[in-house]
Amino acid sequence: ATFAPHTDSGTGAGQSCSLIVALGDFVGGELAVEDSTHNVRYAPLEFNGWEQRHWTIPFVGERFSLVWFTPHGCEDKGWLTRNAQLATEAPDTELP
């Protein structure tokens, strides 16, 4: 599989920080971010997918990617904000 260099669109809303990890039985498949290549196989990487060009290096085998991000403008909404407040107010409390 081959993927072209791109920045994430965030469906028009934008985003900033992304966290990616690749799972599976594969060879190759590193993540290129701008001028650096990163092995993300079972090794999470944080990067700015909105501003930094990135792509997956060709690979052979079965590769799954998990990507987490917060769309721009949602940083202070809902679950994220409530749990951040709980963690600050009671750091030893288990979060939902």
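For the single chain, residues carry numbers from 1 onward in sequence order.
Scanning both residues, Ser18 and Gly49, for their nearest heavy atoms gives OG-N, 3.8 Å. Across all non-hydrogen atoms, the minimal contact from Glu46 to Cys17 is CG-SG, 3.1 Å.
To the nearest 0.5 angstrom, Phe64 atom CZ is 10.5 Å from Asp25 atom CG. For the atom pair Gln52 CD and Thr7 OG1, the distance stands at 10.5 Å (nearest 0.5 Å).
Residues Val67 and Leu45 are members of one and the same hydrophobic cluster, defined by side-chain heavy-atom contacts under 4.5 angstrom among Ile, Leu, Val, Met, Phe, Trp and Tyr. Side-chain heavy atoms closer than 4.5 Å link hydrophobic residues (I, L, V, M, F, W, Y) into clusters, and following such links, possibly through other members, connects Val21 to Leu19.
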Apply the test side-chain contact (heavy atoms from CB on, under 4.5 Å) to residues Phe59 and Phe3: give CA-CA distance (whole Å), side-chain angles for both, the deciding distance (0.1 Å), then the verdict. CA-CA 10 Å; Phe59 63 91; Phe3 298 91; 3.9 Å; yes
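Among residues at least two apart or in separate chains, side-chain hydrogen bond (donor to acceptor under 3.5 Å, both in side chains) pairs with a member in residues 59-69 are Arg63-Ser65.
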Let me check something: any side-chain donor-acceptor pairs from residues 27-41 under 3.5 Å, sequence neighbours excluded? List them with distances.
from: Glu34; atom 1: OE2; to: Arg53; atom 2: N; distance (Å): 2.8
from: Asn39; atom 1: OD1; to: Arg41; atom 2: N; distance (Å): 3.0
from: Arg41; atom 1: NE; to: Gly24; atom 2: O; distance (Å): 3.0
from: Arg41; atom 1: NH2; to: Gly24; atom 2: O; distance (Å): 2.9

